[in-house]
Participant: 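I'd like to ask some things about the structure below.
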Amino acid sequence: MGKTIIISNRLPVQLQISNGGITAVPSVGGLATGMKSVHSGGDSLWIGWSGLTDEEIPEELADDIDSALAEHGSSKVKLTADEVDGFYYGFSNRTIWPLFHYFLEYSEFELASWETYKKVNQKFADAILQKSEDDDIIWVHDYQLMLVPQMVREKRPNIAIGFFLHIPFPSYEIFRTMPWREEVLQGLLGADLIGFHTYDYERHFLSSVRRLLGLEVSFNEIYLENRVIKADSFPMGIDYKKFRDAALEHKKRDPEKLSELQKRLNKHKAADPEAKFFLSIDRLDYSKGIAKRLNAFEYFLNKYPQYKEKVRLIILAVPSRSNVPQYQLLKREIDELVGRINGEFSTVSWTPIWYFYRSMPFENLIDLYTSSDIAWLTPLRDGMNLVAKEYIATRTDQTGVLILSEMAGSANEMNESLLINPNNFEQIADALFEAINMPKEEQQARNELLQKRLERYDVERWANDFMNSLRGQKDRDAANVSKRMTDSRLSTVLEEYRKAKKRLLFLDYDGTLAGFHNDPQKAGPDEELYKLLDALKEQPGTVLFIISGRDKDTFTRWFLPKKYNMIVEHGVWISRDGEDFKLLENVKNDWMDKIRPVLESFVDRTPGSFIEEKNYSLAWHYRKTDPDFGNLRATELSTVLTSLIGTDDLSVLNGNKVMEVKSSNVNKGRASMRMLGENDYDFVFAIGDDWTDEFMFQELPESTVTVKVGRQKTSAKYFVENTMKVRELFEIVYKSINLGQTLNDEKIALRKYLLSGHNDVCPTEH
Ligand code: GDG
């Protein structure tokens, strides 16, 4: 691997222009700290916006800025004020942010800002392309840059790209309301690894990929024709040591050297040692539930009036995105609420809410964390919420209670806190009461577990886990690529083919020779396929079988007049040289009357599914159903069938969007082996796309050339991407053998043929 390139909207440094000079100061944010292990030494580069628009950068300082950034391993993407407006304040924060946090009513779908988002994403991608080599590893961060992975992939097909989303990925029902939903998903799918904070966000993403793009998803992998993409969850941690050490240092500090804020806090504590401080820290953002928290505080004071003058809520709201109207409205709402509640409850010696609308230095953050008895965080939605983790890390004596919204990603890992629903004031008031009265031993027992976990899975571990997983994914993909039927492998196979005296070929039909169709009866062969099969069949010494799970009547109609050899229903029937089908296996079908009603009940309950009845098997097709629902029902049906058939001679085959019940002693492996035993073949070939073809790949002898269509796991030796490639493969075989062309000639001819719109199988004959 070459160098690492990290890319995020903002750089991990802040530019400061003063006295005509420029300096770059490292930021102390969680991401910058977490990436320390990844972004260090000369082997990494961080690309992002500097925070200054082109208009704000004096021309004479432009070069100085570049060198100041370069000292911190950073490189800037230039953005004009209009671009920042459309891309950041516009599409990122008026469309994606509200939508992904389930604030559908705040989402604006403006074509102009979408266009700017695309344009600016292209600028970021161009910056990567300009600075990267093929063996680099790229890590793209967050919702502002969701199109970047694909933009880079187009120009560098083999580079390793990871993407991490720091905010929630919403449910399909929310995501699908966005006009440019497919483009956004396609953009993300340029990555090899897509990371989320929680499993829930991951599964929402996979569900959207399946439903909106119709792609094959197996567990957490997405299969494209030429790549496999992994989605996974990596809950982001904090720099645990930094917060714990700061708190320890704070504890030991000389009272004279304490901050003004700390002195004030101490004074209030001294006046009433029983009084409790509640703390909340967030950016001023509607997703953080600040207004709800204030209302809940009022509710608490009314429900438990004994705590009036005994508790104080400290709210630190950090100014954020104040160019966006929703944030201006929110600011006004919070100001008014704080004013009203303080006006209603204050006494001469007590103000219930201390409200700070500003950003504080790190030292004051530690003052607040270490002085507060209760941290109270009530986001309505939050990707993770690092404040919750930071509070726990600073509690060096393990006292303190965390009350946390279950809507925060961090709630998944912080079960020992008091989890609340931010909309349930009754529950919140009771949680505050419980927190105030929680025995010290219980606080310590809970925090000990929380601290252990936070220490173990800190932000460095998070970054390393992500990078390792990305490298692993790339290696796996490379290993898989080694199975691709490349030109040189095909040349070797062709050589064996040419030399062979007796060849035996097994070709699966659906998903191999022909693409899938929603109605299986409509997926019949085209003229081009007939010509291709005719040409192969005519080759001296070649015995070709179409081997399929299809019923014999359909294949009789499609192929009998062509006199192709056929094995259908997975090996129940056989037809050779245009003769009627005969039984190849002795199988029973008396079980069908018992199984049919079960399948019918699934058809009734699963819109879009249907039963295909064959002579010796029953198949339940669910390609046309809602993909998630279909998969769910398939799992359910599999359980029902497995328990029903018990030890009978029946088995359930899970094919490509079809579940088939049939006799156990019938499968393509057994059938193909029987054909093999009939003669002394010196070249055997089998190709197929689904699980039922794996029987052939596994049972045929080691020397067989086995080819899988698609990228799923397989026992086959090689793979080709799709049915188009299968046709291409047979074209080459045909031309090589029948016309004596070399692979190069064939490729050229084939290309011409493909470009000519598939008019004829053999353009070189004209
Ligand atoms: C996004 C997602 C996800 C806050 N005030 C001050 C200050 N902070 C620091 C905190 C904390 C960070 O800012 C806030 O992080 P959060 O995770 O709570 O929230 P977002 O900013 O919304 O972050 C979020 C996160 O990305 C990471 O993936 O967890 O869900 O929304 O580190 O300490 N720091 C200083 N002064 C302040 O006044 N110095």
Side-chain angles (χ1 to χ4, degrees), residues 8-10 12 14 25-35 92-93 96-103 139-145 163-170 195-198 200-201 233-240 242-244 246-247 259 261 279-290 314-321 327 330 355-370 372 375-394 402 404-414 454 457-459 462-463 466:
S8 60
N9 174 41
R10 291 297 300 273
Q14 304 240 337
V25 186
S27 334
V28 284
L31 185 59
T33 328
M35 301 297 283
S92 298
N93 287 322
I96 301 282
W97 179 274
L99 191 70
F100 281 35
H101 286 86
Y102 293 71
F103 285 82
W139 187 353
V140 186
H141 285 270
D142 227 0
Y143 66 104
Q144 302 91 350
L145 303 177
F163 179 91
F164 189 85
L165 187 71
H166 289 262
I167 65 173
F169 194 95
F196 302 90
H197 282 306
T198 72
D200 283 331
Y201 309 154
S233 55
F234 302 88
M236 186 174 175
I238 56 164
D239 187 347
Y240 185 82
K242 175 176 144 185
F243 282 91
R244 194 202 43 204
S259 69
L261 175 67
L279 172 70
S280 78
I281 298 182
D282 340 66
R283 275 184 310 96
L284 190 92
D285 194 297
Y286 46 80
S287 66
K288 304 286 181 183
I290 305 172
I314 305 171
I315 290 199
L316 171 59
V318 181
S320 174
R321 303 169 197 168
Y327 289 75
L330 179 68
Y355 170 48
F356 301 95
Y357 176 65
R358 70 183 86 134
S359 169
M360 287 195 182
F362 181 70
E363 184 198 356
N364 289 150
L365 211 62
I366 300 296
D367 294 339
L368 291 173
Y369 282 149
T370 52
S372 301
W376 181 24
L377 304 166
T378 57
L380 302 172
R381 291 279 161 191
D382 210 340
M384 174 51 73
N385 195 301
L386 300 178
V387 170
K389 296 185 170 184
E390 292 168 3
Y391 172 71
I392 295 295
T394 60
L402 170 64
L404 178 62
S405 161
E406 59 194 44
M407 311 301 169
S410 49
N412 286 295
E413 305 155 73
M414 305 189 85
L454 293 178
Y457 203 91
D458 68 358
V459 70
W462 166 80
F466 184 89

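Counting starts at 1 for both ligands and their atoms, following the listed order. Owing to the predicted nature of the structure, the values given are computational and were not obtained by experimental measurement.
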Participant: Can you list the atoms of ligand 1 that are under 4.0 Å from a heavy atom of G383?
Facilitator: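 Those qualifying, in numeric order: 30 (O).
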Participant: Contact between Y391 and ligand 1, counting heavy atoms under 4.0 Å?
Facilitator: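 Y391: no contact with ligand 1 (<4.0 Å).
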Participant: Can you label the angle between the W139 ring and the F164 ring as parallel, tilted or perpendicular, going by 30° and 60°?
Facilitator: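 Taking F164 first and then W139, their aromatic rings stand perpendicular (interplane angle over 60°).
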Participant: At a non-hydrogen distance cut-off of under 4.0 Å, which region of D282 contacts ligand 1 (side chain, backbone, both, or neither)?
Facilitator: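 Looking at D282 and ligand 1, no heavy atom falls under 4.0 Å.
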Participant: Evaluate W97 for polar contact with ligand 1, using N/O atom pairs at a separation under 3.5 Å.
Facilitator: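 There is no such contact.
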Participant: For atom 29 (O) of ligand 1, which of M384, R283, H101, R358 has the closest heavy atom?
Facilitator: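 Checking each option, the heavy atom nearest atom 29 (O) of ligand 1 is found in M384.
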Participant: Could you tell me, atom by atom, which parts of ligand 1 come under 4.0 Å of a heavy atom of I281?
Facilitator: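 Listed by number with element: 4 (C), 5 (N).
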Participant: Using a strict cut-off of 4.0 Å, indicate which atoms of ligand 1 neighbour a heavy atom of E390.
Facilitator: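 That gives atoms 10 (C), 11 (C), 32 (O), 33 (O) of ligand 1.
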Participant: Please check this pair: side chain of H197 against backbone of H166, looking for a donor-acceptor N/O pair closer than 3.5 Å.
Facilitator: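 Confirmed, H197 side chain pairs with H166 backbone.
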Participant: Which atoms of ligand 1 are found less than 4.0 Å from any heavy atom of L316?
Facilitator: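 Heavy-atom distances to L316 below 4.0 Å select 38 (O).
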Participant: Just so I know, are the side chains of K288 and R283 near enough to count as touching, which here means a heavy-atom distance under 4.5 Å?
Facilitator: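 Yes - at least one pair of side-chain heavy atoms lies under 4.5 Å apart.
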Participant: Got a donor-acceptor contact below 3.5 angstrom from the S280 side chain to the L377 backbone?
Facilitator: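 Not confirmed, S280 side chain does not pair with L377 backbone.
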Participant: Using a plain distance cutoff, I'd like to know if L386 has any nitrogen or oxygen under 3.5 Å from a nitrogen or oxygen of ligand 1.
Facilitator: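 Yes, since at least one N or O of L386 sits under 3.5 Å from an N or O of ligand 1.
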Participant: Looking only at atom types and distance, does a side-chain atom of T198 sit under 3.5 Å from a main-chain N or O of Y201, one as donor and one as acceptor?
Facilitator: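 Flag set: sc T198 to bb Y201 pair under 3.5 Å.
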Participant: With atoms numbered from 1 as shown, which atoms in ligand 1 lie under 4.0 angstrom from a non-hydrogen atom of S359?
Facilitator: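 Every atom of ligand 1 under 4.0 Å from some heavy atom of S359: 36 (N), 37 (C), 38 (O).
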Participant: Checking the N or O distance criterion of under 3.5 Å, is ligand 1 in contact with M360?
Facilitator: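 Between M360 and ligand 1, an N or O pair is found under 3.5 Å apart.
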Participant: Side chains of M236 and K389: closer than 4.5 Å at any heavy-atom pair?
Facilitator: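 No, every pair of side-chain atoms sits at 4.5 Å or beyond.
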Participant: Taking 4.0 angstrom as the limit and counting only heavy atoms of M236, give me the atoms of ligand 1 inside it, by number and element.
Facilitator: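 Those qualifying, in numeric order: 27 (C), 28 (O).
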Participant: Does the separation of the ring centres of Y286 and Y327 fall below 6.0 angstrom?
Facilitator: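 Ring-ring flag for Y286/Y327: true, centres closer than 6.0 Å.
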Participant: With a heavy-atom distance limit of 4.0 Å, tell me whether L365 approaches ligand 1 through its side chain, its backbone, both, or neither.
Facilitator: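 The part of L365 near ligand 1 is the side chain, not the backbone.
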Participant: Side chain, backbone, both or neither: which part of N364 has a heavy atom under 4.0 Å from ligand 1?
Facilitator: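 Near ligand 1, N364 shows nothing, with every heavy atom at 4.0 Å or more.
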Participant: Do V387 and Y369 have side chains that approach each other closer than 4.5 Å (heavy atoms only, starting at C-beta)?
Facilitator: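 Yes, close enough: below the 4.5 Å cut-off.
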Participant: With only distance considered, is F243 within less than 3.5 Å of ligand 1 through an N or O on each side?
Facilitator: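 N/O-N/O distance below 3.5 Å does not exist for this pair.
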Participant: Indicate yes or no for a side-chain donor-acceptor contact from Y143 to the backbone of W97 under 3.5 Å, with no hydrogens or angles considered.
Facilitator: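 It does not hold such a pair.
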Participant: Backbone, side chain, both or neither: what part of F164 comes under 4.0 angstrom of ligand 1, heavy atoms only?
Facilitator: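 Neither part.
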Participant: What are the atoms of ligand 1, with element, lying closer than 4.0 Å to any heavy atom of V318?
Facilitator: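 Atoms satisfying the 4.0 Å criterion: 5 (N), 6 (C), 38 (O).
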Participant: May I have the step-by-step check of ring pair (Phe, Tyr, Trp, His ring centres under 6.0 Å) for F243 and F362, ending in yes or no?
Facilitator: CA-CA 10 Å; F243 282 91; F362 181 70; 5.4 Å; yes
Participant: Please state whether the rings of F169 and F196 are parallel, tilted or perpendicular, taking 30° and 60° as the class boundaries.
Facilitator: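 Judged by the thresholds at 30° and 60°, the geometry between F169 and F196 is perpendicular.
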